[in-house]
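For reference, the structure discussed in these notes is given below.
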Amino acid sequence: MSAVVTRFAPSPTGFLHIGGARTALFNWLLAKRLGGKMLLRIEDTDRARSTPEAIEAILDGLKWLELGWDGDVVYQYGRADRHRAVACEMLAKGAAYRCYATPEELEAMREKAKAEGKPMRYDGRWRDRSEADCAAAEAKGLKPVIRLKAPQEGETSVDDLVQGRVTWSNDNLDDLVLLRSDGNPTYMLAVVVDDHDMGVTHVIRGDDHLTNAARQTQIYQAMGWDVPAMAHIPLIHGPDGAKLSKRHGALGVEAYRAMGYLPVALRNYLVRLGWSFGDQEIFSTEEMIAAFDLKNVGRSPARFDFAKLENLNGHYMRQASDADLMAGIETVLPHIEGGAEIAAKLDSGLRTKWLQAMPGLKERAKTLVELIDGARFLFAVRPLALDEKGADILAKGGRDVLRGLLPRLEALPDWDAATLETAVRAEAEATGLKLGAVAQPLRAALTGRSTSPGIFDVFVVLGREESLGRIRDQI
RNA sequence: GCUCCCAUCGUCUAGAGGCCUAGGACACCCGCCUCUCACGUGGGUAACAGGGGUUCGAAUCCCCUUGGGAGCGCCA
């Protein structure tokens, strides 16, 4: 029984988008589940569009998502010699042929087919030419491409683990180009050769590759190689149902990092997009691995829903340890707006206060960005700038409440939550106010806002001097 | 145009002929808890695209229609 080998094979023409991330996740999960390996291959045969920045972004994205790959990264372009060798082998065995049709000629052919309402396929005009024809073309200085001599009768089927058996009539599949006229392999050839050479047993990718699967199957067959198991998963759509384009939120995973999402939450969200396991919604990484199965991957496309991602993220934030959250904050700070200033203030004193406030803070935040925002009162400098609601509370009687309360607080022997609460309640009782009517002005003075963690916790984290100072500032 | 894929609440989905008066989750609405906001908790609104079959019985099987999506490159 040979071990399972999956692969994630992005082309480095842009960042790692959300659909790619899910494809990587599924490959990773299947490999983990079956005790196999997930390989990483960068499909950079398109020299003009591949960039080192994109490669970096993809590797960085996978690392952030904690989807590690096995072995070294394979760069497809580095294997061009082998691809060429296979193309020559196919030529030699009659499974491929030289085609001297020019790009202009092919373009005209497509235009004509389109105008006549016929399928836009290569018509095989060089399929059975003589050596003499080829020599004549050569003499004219034409450089040939090498095309697959695909079967013209019968049909080609793909037994897809997600889509089921999908069959094409061979007359709908034309003779694809294996080697370009400049001698470089095409994607179609390179994928097949690489997957074969790398021992890939399961190909999991977006269903935009479904038709390619048929053509690639023909290449496997021409070479007499085993076709790996295939699984074409449906694409992710934008919230409006249209294709997930850049305009819609087909953001790179680094954008999700900058929005303050946790890798564990993003993984959980992504795995439930298209895959299900009964009614279970929350999966730890271990549970995900144990439960994942291609059989439970659906065939219909899913829409991306930020609300659900956010909810999941909130769940994982609440569940996370304060220390992990602190670490998360520090890693995300360089990636968010205004993060640098906060990072500059983040000394051990602030870190201690922040950690102390974390239990109350994390209950109220759905993202790391919100967590940071909710903690602003910790490092705000006196006199505090009030937001609209905070100012409103103080303007409408809040100051009077603070004036009445101040002496009581100043006289406190201890500065712990219980003592403070007793004092504030006593003041409320003495003035006939509800606790909320006293707590809100305090909240406004202490945090500048109308919402915050429990007010007595805020008192304690801020400390006696800072708390009293902030109250006096507002009187 | 041609080929292929898809179709259950607003969204993600459960459902593999009777267990479905269609379940869960998110979102939304109404309560409870409460110093605010959250969290938590109780409840509610909300879906089998349409039409034909097959069957004693269909969300589940078949066909058609409609609506989405993908592919049809010397891109990947």
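The sequence lines fix the lettering, A, B, ..., with proteins before strands; numbering per chain opens at 1.
Annotation: A/Glu429, atom CD; neighbour count of heavy atoms from other residues, nucleotides and ligands within 6.0 Å does not exceed 12.
Within 4.0 Å (heavy atoms only), A/Arg147 reaches sugar-phosphate atoms of the nucleic acid but no base atom. If you check every strand for non-hydrogen atoms under 4.0 Å, A/Ser50 touches nothing. Counting any heavy atom pair closer than 4.0 Å across all strands shown, A/Ala101 reaches a base atom. If you check every strand for non-hydrogen atoms under 4.0 Å, A/Asp174 touches nothing. At a threshold of 4.0 angstrom between heavy atoms, the contacts of A/Gly206 with the nucleic acid are absent.
Nucleotides of RNA chain B nearest to A/Arg22 and A/Ser11 differ in position, and the one nearer the 5' end is that of A/Arg22.
Applying the side chain to side chain contact (heavy atoms under 4.5 Å, CB included) test to A/Arg125 and every residue at least two apart in sequence or in another chain returns A/Ala101, A/Glu105, A/Met109, A/Tyr122, A/Asp123. Every residue two or more places apart in sequence or in another chain that forms a side chain to side chain donor-acceptor pair (under 3.5 Å) with A/Glu310 is listed here: A/Tyr261. Partners of A/Asp175 by salt bridge (Lys or Arg N to Asp or Glu O under 4.0 Å), not counting sequence neighbours, listed by chain and number: A/Arg127. For A/Tyr75, the side chain to side chain contact (heavy atoms under 4.5 Å, CB included) partners two or more places apart in sequence, or in a different chain, are A/Ile42, A/Asp44, A/Ile55, A/Leu59, A/Val73. Considering only residues two or more places apart in sequence or on other chains, A/Arg403 meets the side chain to side chain donor-acceptor pair (under 3.5 Å) condition with A/Asp400. Under the side chain to side chain donor-acceptor pair (under 3.5 Å) criterion, A/Thr451 pairs with no residue, sequence neighbours left out. Contacts of A/His315 classified as side chain to side chain donor-acceptor pair (under 3.5 Å), with partners at least two apart in sequence or in another chain: A/Gln319. Looking at residues two or more places apart in sequence or on another chain, you find a side chain to side chain contact (heavy atoms under 4.5 Å, CB included) between A/Ser157 and A/Arg165, A/Thr167.
For the C1' atoms, the distance from B/A49 to B/A59 is 12 Å, rounded to whole Å. Look at the P atom in both B/G44 and B/U55: the space between them is 40 Å, to the nearest Å. Comparing the P positions of B/U21 and B/A16 gives an interatomic distance of 14 Å, to the nearest angstrom. Rounded to a whole angstrom, the distance from the C1' atom of B/A46 to that of B/C28 is 10 Å.
Judged as a side-chain hydrogen bond (donor to acceptor under 3.5 Å, both in side chains), the pairs with a partner in residues 385-399 of chain A (not counting sequence neighbours) are, in order, A/Asp392-A/Lys396.
Here the options are A/Gln216, A/His202, A/Arg41, the test is side-chain hydrogen bond (donor to acceptor under 3.5 Å, both in side chains), and the partner is A/Asp195; only A/Arg41 passes.
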Once base and sugar-phosphate atoms are separated, protein heavy atoms under 4.0 Å mark nucleotides 32-44 of chain B, 5' to 3', with B, S and - as ---BBBBSS----

Expected string for nucleotides 1-6 of chain B under the B/S/- scheme (protein heavy atoms, under 4.0 Å, primed atoms plus P, OP1, OP2 as sugar-phosphate) is BSSSSS

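The aromatic ring of A/His209 is stacked on the base of B/A76, with the two ring centres less than 5.5 Å apart and the planes inclined by under 30°.
In the set B/G68, B/A25, B/G10, the nucleotide with an atom closest to the side chain of A/Asp305 is B/G10.
Of all nucleotides present, only B/G18 satisfies the Watson-Crick or G-U wobble test against B/C56, with each distance under 3.5 Å.
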Between the protein and nucleotides 14-21 of chain B, list the N/O to N/O atom pairs that are separated by less than 3.5 angstrom.
residue : atom : partner  : partner atom : Å
B/A14   : OP1  : A/Ser276 : OG           : 2.7

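A close approach under 4.0 Å does occur between a side-chain nitrogen or oxygen of A/Arg110 and OP1 or OP2 of B/G73.
Judged purely by distance below 3.5 Å, without hydrogens or angles, the side chains of A/Gln440 and A/Arg443 pair a donor atom with an acceptor atom.
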